[in-house]
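Note on naming: letters A, B, ... go to the chains in the order of the sequence lines (proteins, then strands), and numbering restarts at 1 for each one. Computed from a predicted structure; not experimentally measured.
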There are 2 protein chains.
Amino acid sequence: MTASQRVTLAEIAAEAGVSLATMSKVLNGRTDVAPATRARLEEHLARHGYTRRSTAQRSEFIELVFHELESSWSMEVIEGVEDVAHAAGLSVVLTVSGDRHEPGPEWIDGVLRRRPAGVVLVFSDLARKYREKLRSRGIPFVIIDPAGDPSPDVPSVGSANWSGGLMATRHLIELGHRRIAAITGPEDMMCSLARVDGYRSAMNAAGLPIDLALIRFGDFHPDGGETAARELLALDDPPTAIFAGSDLQALGVIAAGSAAGLHVPDDLSVVGYDDIALSRWMSPQLTTVHQPLRRMGEEATRLALRLADGVVPDTLRMDLATHLVVRGSTARPRG
Amino acid sequence: MTASQRVTLAEIAAEAGVSLATMSKVLNGRTDVAPATRARLEEHLARHGYTRRSTAQRSEFIELVFHELESSWSMEVIEGVEDVAHAAGLSVVLTVSGDRHEPGPEWIDGVLRRRPAGVVLVFSDLARKYREKLRSRGIPFVIIDPAGDPSPDVPSVGSANWSGGLMATRHLIELGHRRIAAITGPEDMMCSLARVDGYRSAMNAAGLPIDLALIRFGDFHPDGGETAARELLALDDPPTAIFAGSDLQALGVIAAGSAAGLHVPDDLSVVGYDDIALSRWMSPQLTTVHQPLRRMGEEATRLALRLADGVVPDTLRMDLATHLVVRGSTARPRG
């Protein structure tokens with residue numbers, strides 16, 4: 001369908017039996033239209049695949065949405081987004097959704113009112129109804145490290161999680177470890193699954209058996225790492241090395257090791273994931289997989305701005321490279 | 001002066017020899033007025049102490065400005081600001097200024113356009129010209145942990161830095177330490193000075209001599225702590241305990257101790273400051289002064305919103321209490 005054939009907002013309003021003014025209010029996220037009417041008019045917009053034509057009025061904002069801010073992780077992503085937004089003359093509106101799977105309903109109304117140049121979601125997912133609302137207003141969105149498996153038409157920026165898991169495990173194998181455990185993140189997150197699959201492949205490639213008792217799911221926080229490590233270290237045949245899945249989980253693993261009287265790295269080798277700024281200041285300095293968090297924030301924002309400018313990129317899915325950083329928390333096994 | 005006596009924007013425009021439309025543009029941060037004209041009209045506004053009367057139109061934003069985002073510190077403040085803003089139905093616009101002393105000139109234009117309910121600045125200061133611009137638009141601002149010594153009419157939220165320095169040092173004295181060093185933050189920040197003054201008072205109260213060689217200024221980052229600790233530990237009569245001034249500096253102190261073959265806490269006691277979320281996950285768990293970072297963010301935002309509502313608080317300066325958290329990085333000195 002060419003631009004001239006596109007249905008106009010006035011035509012959709014007429015079809016729905018409302019005034020153009022009412023239709024406009026819904027398009028702009030105004031809340032002075034009854035909820036039932038808004039829902040009905042949204043359906044009309046979605047059915048026609050209506051997309052607002054770009055207006056001369058330039059947006060002032062980039063929307064950045066986190067489901068939580070707890071980790072040191074978030075800070076580096078924010079810096080990357082802020083940098084690119086600032087260079088483009090845009091301000092960052094930061095929302096903490098509190099829900100890993102989608103921001104709340106009042107959020108989408110705010111976004112439609114603010115008309116940002118683009119939306120960057122971290123570690124989240126966006127319900128179909130929200131995607132449709134953004135699409136019909138011509139507001140592009142990009143997901144960083146999507147929680148679920150996004151459909152191919154959802155723009156996203158991630159990192160090479162599988163390779164990261166593979167490199168971390170291969171490093172431990174090369175040091176001579178055979179009983180190697182893996183603690184990854186929540187079971188419903190793609191990055192968790194990819195990291196542990198990398199672990200499995202490294203074990204398989206080295207001809208080492210995979211013991212399911214040595215694979216655990218955590219929460220990407222220190223608590224999750226500590227709980228899983230305590231269980232692992234209490235096994236009859238405990239691991240001599242643990243791939244901790246994240247730097248924060250590695251802190252929990254080191255604490256559990258310490259509580260069990262084990263010294264890292266002499267008695268227990270630990271590999272983190274992320275390479276947060278503090279990982280080189282931990283005791284011992286953490287061997288970890290570097291994930292380019294800041295660059296992920298930058299690239300996601302650049303992608304959103306390119307989409308806002310009407311550029312169609314070659315691919316909507318970008319995975320940045322990861323690499324292993326060897327520091328002091330890994331060593332040859334004893335004996 | 002009562003409201004009826006207040007000079008109107010039209011009167012100021014007439015006095016300045018411009019149209020009301022031009023004067024309005026300047027008031028709203030529009031950049032389509034020549035810079036020289038804008039500067040001249042700002043002077044007229046400032047001279048009359050013009051304050052925009054509150055309009056029926058409710059603001060959508062709280063502006064949050066950091067000079068840097070590097071530390072784990074920032075995250076907890078952001079969470080506090082976000083929580084209160086969200087509860088008030090406001091969105092947070094986050095700016096990283098990159099300059100400890102004031103945000104850039106393009107920032108103020110953006111703020112005037114966005115007309116936030118209030119501005120919260122962290123660890124920053126606001127130049128007089130910016131304060132006047134905000135005041136003339138009726139936009140309140142609150143500074144968290146002001147870098148300099150703010151004038152009494154600048155609303156600010158801090159914490160009891162002096163008491164924190166006192167408690168940290170007294171704890172080390174009670175453990176039996178006599179050679180106690182203090183590393184504080186940058187010399188031009190009030191919180192740095194207050195913390196080290198608390199250290200001095202605790203030493204004085206215990207009748208211990210103050211050795212100026214044992215007092216250092218850092219940067220509140222791990223590097224600063226490491227550099228200062230390396231120098232302290234190389235002294236002929238090195239300290240047996242170090243009050244590190246911040247948790248991040250404590251990480252650097254522990255690293256320097258480790259490099260010098262010293263075990264914390266057996267050979268060297270270390271006290272941090274802040275009690276960031278990770279401090280209980282460090283090895284050893286960090287003894288530190290708890291600063292209510294999240295609550296500081298909340299209170300600053302509440303104060304800004306009260307000021308926006310025209311409430312005149314009893315005091316514009318609020319200092320929240322600090323307390324000592326004893327964990328594993330402090331012990332009696334050897335011998």
Side-chain angles (χ1 to χ4, degrees), chain A residues 60-64 66 68-79 81-83 85-86 89-98 104 106-107 109-111 113-114 116 221-223 225-226 247-255 257-258 263-264 276-278 280-285 328, chain B residues 60-64 66 68-79 81-83 85-86 89-98 104 106-107 109-111 113-114 116 221-223 225-226 247-255 257-258 263-264 276-278 280-285 328:
Chain A
E60 288 220 27
F61 302 108
I62 280 282
E63 299 277 330
L64 175 60
F66 280 87
E68 62 171 8
L69 274 183
E70 287 160 66
S71 71
S72 318
W73 207 93
S74 322
M75 205 54 93
E76 302 185 35
V77 175
I78 294 178
E79 287 184 319
V81 172
E82 242 280 335
D83 253 22
H86 187 80
L90 301 173
S91 296
V92 175
V93 176
L94 179 72
T95 302
V96 182
S97 71
E106 73 287 2
W107 171 81
D109 288 332
V111 170
R113 276 196 308 277
R114 291 190 285 275
H221 290 291
D223 289 286
E226 189 188 35
D247 290 350
L248 295 181
Q249 284 190 167
L251 280 175
V253 170
I254 293 169
S258 181
H263 182 263
V264 174
I276 60 173
L278 291 187
R280 80 178 181 95
W281 292 103
M282 295 176 186
S283 304
Q285 294 191 350
Chain B
E60 287 221 28
F61 302 108
I62 280 282
E63 298 277 332
L64 175 60
F66 279 87
E68 60 171 8
L69 273 184
E70 287 161 66
S71 71
S72 319
W73 207 95
S74 323
M75 204 53 92
E76 303 187 32
V77 174
I78 295 178
E79 286 184 320
V81 172
E82 242 278 336
D83 253 23
H86 186 81
L90 301 172
S91 296
V92 175
V93 177
L94 179 73
T95 303
V96 182
S97 71
E106 73 288 1
W107 172 80
D109 289 332
V111 170
R113 275 196 308 277
R114 291 188 286 275
H221 290 290
D223 290 285
E226 189 188 36
D247 290 350
L248 295 182
Q249 285 189 167
L251 281 175
V253 170
I254 292 169
S258 181
H263 182 261
V264 175
I276 59 172
L278 292 187
R280 81 178 182 93
W281 292 103
M282 296 175 186
S283 304
Q285 293 192 350

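Nearest approach of Leu251(B) to Trp281(A), heavy atoms of both residues: CD2-O, 3.6 Å.
Of the two parts of Gln285(B), neither the backbone nor the side chain holds a non-hydrogen atom closer than 4.5 Å to a non-hydrogen atom of chain A. Only the side chain of Ile254(A) comes within contact range of chain B, judged by heavy atoms closer than 4.5 Å. Using a 4.5 Å cut-off between heavy atoms, Leu278(B) contacts chain A through its side chain alone, with no backbone atom that close. Neither the backbone nor the side chain of Ser258(B) comes within contact range of chain A, judged by heavy atoms closer than 4.5 Å. Neither the backbone nor the side chain of Asp247(B) comes within less than 4.5 Å of any heavy atom of chain A.
Contacts with chain B were tallied for Ala255(A), Pro222(A), Pro284(A); Pro222(A) has the most, counting heavy-atom pairs under 4.5 Å. When Glu76(A), Arg113(A), Glu106(A), His86(A) are compared by the number of non-hydrogen pairs under 4.5 Å with chain B, Arg113(A) comes out ahead. The greatest number of non-hydrogen atom pairs below 4.5 Å with chain B, out of Arg280(A), Glu63(A), Arg114(A), Met282(A), is found for Arg114(A).
Put simply, CE on Met75(B) and CZ on Phe66(A) are 6.5 Å apart, with the number rounded to the nearest 0.5 Å. Atom CD1 of Ile78(A) sits about 4.5 Å away from atom CD1 of Ile78(B), to the nearest 0.5 Å.
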